[in-house]
Every structure is written in structure tokens, then in C-alpha cells.
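Worksheet: the structure to be examined is printed underneath.
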Amino acid sequence: MPPNVADAFVLVFTFGMSLKGWKQAGLLGREWAMYREVLKRYGSLVLVTYGDAEDLNTLREVCTPEEAAKVHLVCNERQINIMEYMARLPELVNEKLRDARRVVVKTNQMVGGEAAVRLTEWLRLQGKDVGLVARGGYLWTRFVTHEHGPHSEAADDAGLRERLLCQAADVVVGTTSEMVSDLSWRYGLNPARTRVVPNYVLTDFDPVPASDRDPGLILFAGQLIARKRVDLLVRAIADLPEDKREKVKLVVVGEGPEKRTLEQLAMSLGAPLEFLPRMPHHELLSLMSRCTIYAQASDLEGQPKTVLEAMASGAVVIVAHTPGLGDVVEHGATGLRLPSDPEAFATAIGELLNDVDWREMLGTAASRVTRARFGIQAILPRELEVHALALAVGTEHIGVLSAKRRAG
């Protein structure tokens with residue numbers, strides 16, 4: 001077994017998120033899979049969430065007895081005012097760290113990362129060596145700007161908070177080269193202190209060949225919001241020739257404000273549509289392993305986990321050629337990238353349904369490439385390398401400051 005990276009690892013959840021929230025969103029098993037591996041290289045793991053006492057029970061559901069002895073939870077157990085809770089976080093975390101001297105702190109997303117900055121500063125004042133990793137799965141400011149406009153108060157606020165986190169961090173991590181380059185340009189980051197760590201996929205299940213899949217099942221999973229453009233998929237199904245439309249069903253897994261509108265659209269167009277609620281991750285993977293086509297037409301994504309997971313399962317994936325989605329699929333090799341219009345999606349779906357050999361070729365290639373590039377065991381070394389770098393940079397930074405103080 002390689003030596004530990006540090007004494008303790010502290011994961012700061014996205015602002016407002018909890019273990020219960022992960023579970024409700026079907027993410028708990030998937031997220032814990034990585035941190036179960038990370039835990040093997042640390043003396044202890046501290047999870048900092050915004051949940052209440054129910055998070056304690058949720059943690060017990062995923063931890064083995066051996067893991068439970070090394071995992072500690074900081075949550076808003078007494079449900080105090082959120083600002084008071086955030087003010088107390090450094091002290092609460094320090095209590096869990098016990099005798100840990102070398103600590104890595106990481107944000108799960110950049111939203112709310114200022115809590116990780118304050119925590120890191122406070123722990124350093126206690127004499128600990130701390131490395132701070134600012135990790136984001138997507139470019140926060142781009143998404144806020146897309147939703148609220150470039151000159152909105154929300155966009156300005158997100159930019160200020162993102163800047164604070166990135167400039168305070170010892171290493172800044174994004175899931176794509178484009179994201180890291182954008183952050184570096186925006187905030188003047190040192191390239192030597194940035195890294196790309198893609199999203200990962202689980203590989204503890206076998207890919208399913210095209211011939212063993214439900215030939216009529218077309219799947220989408222995600223939030224039902226305007227940006228996801230599920231309406232385009234509904235219109236594409238409605239545009240299929242009648243003989244094909246009668247044999248397929250678009251299954252949409254997710255929740256959100258667009259659900260009622262999508263129901264009405266499907267009814268008006270005569271498109272076969274079924275909604276399923278968010279489900280545990282293993283159930284979603286099972287559904288991906290049954291679908292013939294996984295489709296997504298969002299106009300903006302980071303590095304979409306569901307698309308990667310569908311590819312890893314061996315499903316044929318068709319996506320809109322838009323930022324985030326277009327970078328995941330190699331057109332004609334591991335899936336299809338299409339113009340953002342229903343006719344293009346309808347044509348692709350119809351042709352794929354007619355050709356099982358084509359589906360087999362695309363699904364097999366997608367599974368092989370995705371598992372090799374993004375399997376959890378391929379991503380884990382990159383994740384741990386970031387932790388070690390952050391600790392080295394953070395320790396060096398503190399050493400320089402201490403020397404300056406002594407000299408002064």
C-alpha cells in the first residue's frame with residue numbers, strides 16, 4: 001500500500017447540499033465510490049455538509065464498519081441559522097481532525113467555496129499544514145451568466161466568489177481543459193497550479209450489447225429545466241414516422257419546473273413519453289444498460305456525467321453539438337453529435353433503430369473508450385496527485401509567510 005497523502009482529507013460540500021440531498025438525487029452511491037478509494041490514502045476523512053441529523057443516518061448506509069471508524073461528519077445537526085453554522089464550521093471541523101497535522105481541503109463544487117477558504121485559513125492559524133483544492137465540475141460563472149445574463153447581479157456575485165476561491169486555492173481543478181483554461185485566463189492563475197481531473201464512471205458492471213437491449217427505449221436523465229432542452233427530444237420522437245413512433249418510448253428520468261410543459265407538449269404532439277422520478281445510481285445504470293439510445297440536447301453542459309455513464313454501459317449516445325456535450329462524443333466513432341433541431345435527432349433515431357450493427361459498433365466503441373479514459377481507477381491517480389500537489393504548495397506557502405514574519 002502506498003503511503004498516505006496526508007493525515008486527513010476534508011471534503012466541503014456544495015453550498016446547501018447534504019448527504020441526504022445526494023441520496024435523493026440518486027448520487028450517493030456514485031459519489032461515495034470515489035471517496036471510498038480516497039479514504040484508503042488518508043488517516044481520516046471529514047465530510048462537511050449542510051444537512052441536519054439525518055445525514056448521520058445516511059452516512060451509516062454507505063460506510064462499512066472499517067470506513068466508519070475513519071469517517072467523520074460535520075453537519076448542521078442542531079439546525080441553527082445558516083450563517084451561524086458557517087461561522088462555526090472551522091471550529092467544528094478542527095474538533096474532528098483531532099491530532100491531524102497535514103490536511104487537504106477540497107471543494108466538491110465551486111458554489112460556496114468561500115467556506116473552504118475560511119476553513120483553510122483557520123486551520124493554518126492552528127499550526128496545521130493545509131493544501132486547498134478548488135474543484136469545480138462545471139464553470140459556475142458561465143452557467144449563472146447563461147441563466148441570468150452577463151450583467152446581472154447573480155453573475156457579478158458568482159464571479160467575485162469564484163475569483164476568491166480560485167486565487168486562494170493551492171490547486172484549481174476542472175473537469176475539462178476548456179474549463180481550466182477559462183479559469184486561468186479569468187483569474188490570472190499559474191498553470192503549474194491547475195489540473196484537469198475529468199468526471200469518472202464506475203466500471204463494476206459489464207456493458208450490454210445492442211442485441212440485448214430494449215429496442216424501443218430512448219432515455220434521458222437530468223433536471224427538467226429549460227437549458228436541458230428535453231422539449232427538443234419530445235419533438236424529435238413526434239417527428240418519427242408513425243410505424244417507428246408506435247414502437248418507441250422516450251423515458252425521462254428527473255424532476256424540475258419544465259415537467260408539466262413537457263407533458264402537455266407530448267400530449268399535443270402524440271409523442272410517447274414516460275416520466276420516472278430520480279432514482280438511486282445503480283438503478284439508473286441498470287436503465288442505461290437497457291436503453292437502445294441515450295439522448296441529450298442541452299445547450300450548455302460542463303462534462304456531463306450521465307452521457308459518460310450511458311456510453312460506459314454500451315448505449316448508443318446522440319447529443320447536440322453544443323458546449324460540453326460536443327466535446328464528450330467523437331462523432332461517428334463513439335456516438336453522434338447532431339445539430340440542435342428535432343429533425344436531425346429524429347433522422348438519427350430512425351436510422352439507428354433500423355441498424356442493429358451500427359448500434360453495436362457505436363455502443364461497443366463508446367464503452368471501450370469511456371471505461372479506459374474515465375473509469376474510476378484511471379481517474380483516481382490524477383485525483384490523488386492533485387491532493388499531494390496542493391499540500392506541497394500550501395506547505396511551501398506557509399513556510400514562506402512564516403519566514404517573512406520572522407524576518408519582520
Side-chain angles (χ1 to χ4, degrees), residues 4-19 21-22 31 35 38-39 42-52 55-56 59 70-137 140 157-158 160-173 187 193 383 386-399 401-402:
N4 283 353
V5 175
D7 300 322
F9 176 65
V10 180
L11 178 66
V12 180
F13 275 44
T14 308
F15 180 78
M17 182 53 70
S18 62
L19 284 170
W22 272 5
E31 296 295 326
Y35 295 113
V38 169
L39 181 59
Y42 283 90
S44 64
L45 166 62
V46 180
L47 303 175
V48 180
T49 82
Y50 294 86
D52 55 24
D55 271 8
L56 294 166
L59 182 61
K70 298 174 63 177
V71 179
H72 309 285
L73 176 66
V74 172
C75 62
N76 194 358
E77 191 171 354
R78 297 192 291 115
Q79 300 184 48
I80 59 178
N81 175 273
I82 187 64
M83 299 309 296
E84 181 183 350
Y85 173 65
M86 291 181 69
R88 292 196 60 206
L89 274 180
E91 181 181 353
L92 294 172
V93 172
N94 194 47
E95 290 174 0
K96 302 294 185 182
L97 291 176
R98 300 173 182 171
D99 297 328
R101 304 301 302 171
R102 292 165 56 81
V103 180
V104 174
V105 176
K106 176 190 169 186
T107 65
N108 193 56
Q109 296 288 358
M110 293 194 174
V111 183
E114 58 270 21
V117 174
R118 288 195 296 269
L119 171 61
T120 298
E121 293 173 346
W122 198 89
L123 292 176
R124 285 171 174 166
L125 289 175
Q126 311 311 305
K128 298 183 185 298
D129 292 332
V130 186
L132 173 60
V133 178
R135 183 265 180 188
W140 179 27
D157 180 65
L160 288 173
R161 292 170 184 266
E162 193 175 76
R163 178 186 295 274
L164 167 67
L165 174 61
C166 289
Q167 293 185 341
D170 298 300
V171 181
V172 174
V173 173
Y187 308 126
R193 291 166 57 176
E383 174 78 15
V386 164
H387 296 193
L389 176 60
L391 187 59
V393 172
T395 303
E396 180 182 4
H397 176 69
I398 293 301
L401 289 179
S402 299

Exercise. Please report the closest heavy-atom contact between K128 and R98, naming both atoms and the distance.
Key: NZ-O, 3.9 Å
Quiz item: Where do W122 and E91 come nearest, in terms of heavy atoms and distance?
Solution: CH2-CA, 4.1 Å
Exercise. Please state whether the rings of Y42 and H387 are parallel, tilted or perpendicular, taking 30° and 60° as the class boundaries.
Key: tilted
Quiz item: Ignoring hydrogens and geometry, is there a side-chain-to-backbone donor-acceptor pair from R135 to T107 under 3.5 Å?
Solution: no
Practice problem: Could you tell me which non-hydrogen atom of A115 sits nearest to which non-hydrogen atom of Y50, and how far apart they are? | Solution: CB-OH, 3.8 Å
Quiz item: Between V130 and D170, what is the shortest heavy-atom contact and its length?
Solution: O-OD2, 3.9 Å
Quiz item: Where do C75 and G51 come nearest, in terms of heavy atoms and distance?
Solution: CB-O, 3.3 Å
Quiz item: R161: what forms a salt bridge (Lys or Arg N to Asp or Glu O under 4.0 Å) with it, not counting sequence neighbours?
Solution: E114, D157
Self-check item: Side-chain donor/acceptor of D55 to backbone N/O of L19, under 3.5 Å
Solution: yes
Practice problem: Among Q167, R163, E162, find the residue that satisfies the side-chain hydrogen bond (donor to acceptor under 3.5 Å, both in side chains) test when tested with Y187. | Solution: E162
Exercise. Could you tell me whether the side chain of R124 and the main chain of T395 form a donor-acceptor pair under 3.5 Å?
Key: no
Quiz prompt | L119, V117, T49, V93 screened by side-chain contact (heavy atoms from CB on, under 4.5 Å) with V12, the one that passes | solution = L119
Quiz item: What heavy-atom pair brings R102 and A6 nearest, and what distance separates the two atoms?
Solution: O-CB, 3.3 Å
Quiz item: What residues, two or more places apart in sequence or in another chain, satisfy side-chain hydrogen bond (donor to acceptor under 3.5 Å, both in side chains) together with D52?
Solution: none
Quiz prompt | Whether over 12 other heavy atoms sit under 6.0 Å from N81 CG | solution = yes
Practice problem: Applying side-chain contact (heavy atoms from CB on, under 4.5 Å) between M110 and each of T14, V172, V173, report the one that passes. | Solution: V172
Exercise. Just jot down the side-chain hydrogen bond (donor to acceptor under 3.5 Å, both in side chains) partners of T120, sequence neighbours excluded, or say none.
Key: none
Self-check item: K96 (side chain) donor-acceptor with V74 (main chain) under 3.5 angstrom
Solution: no
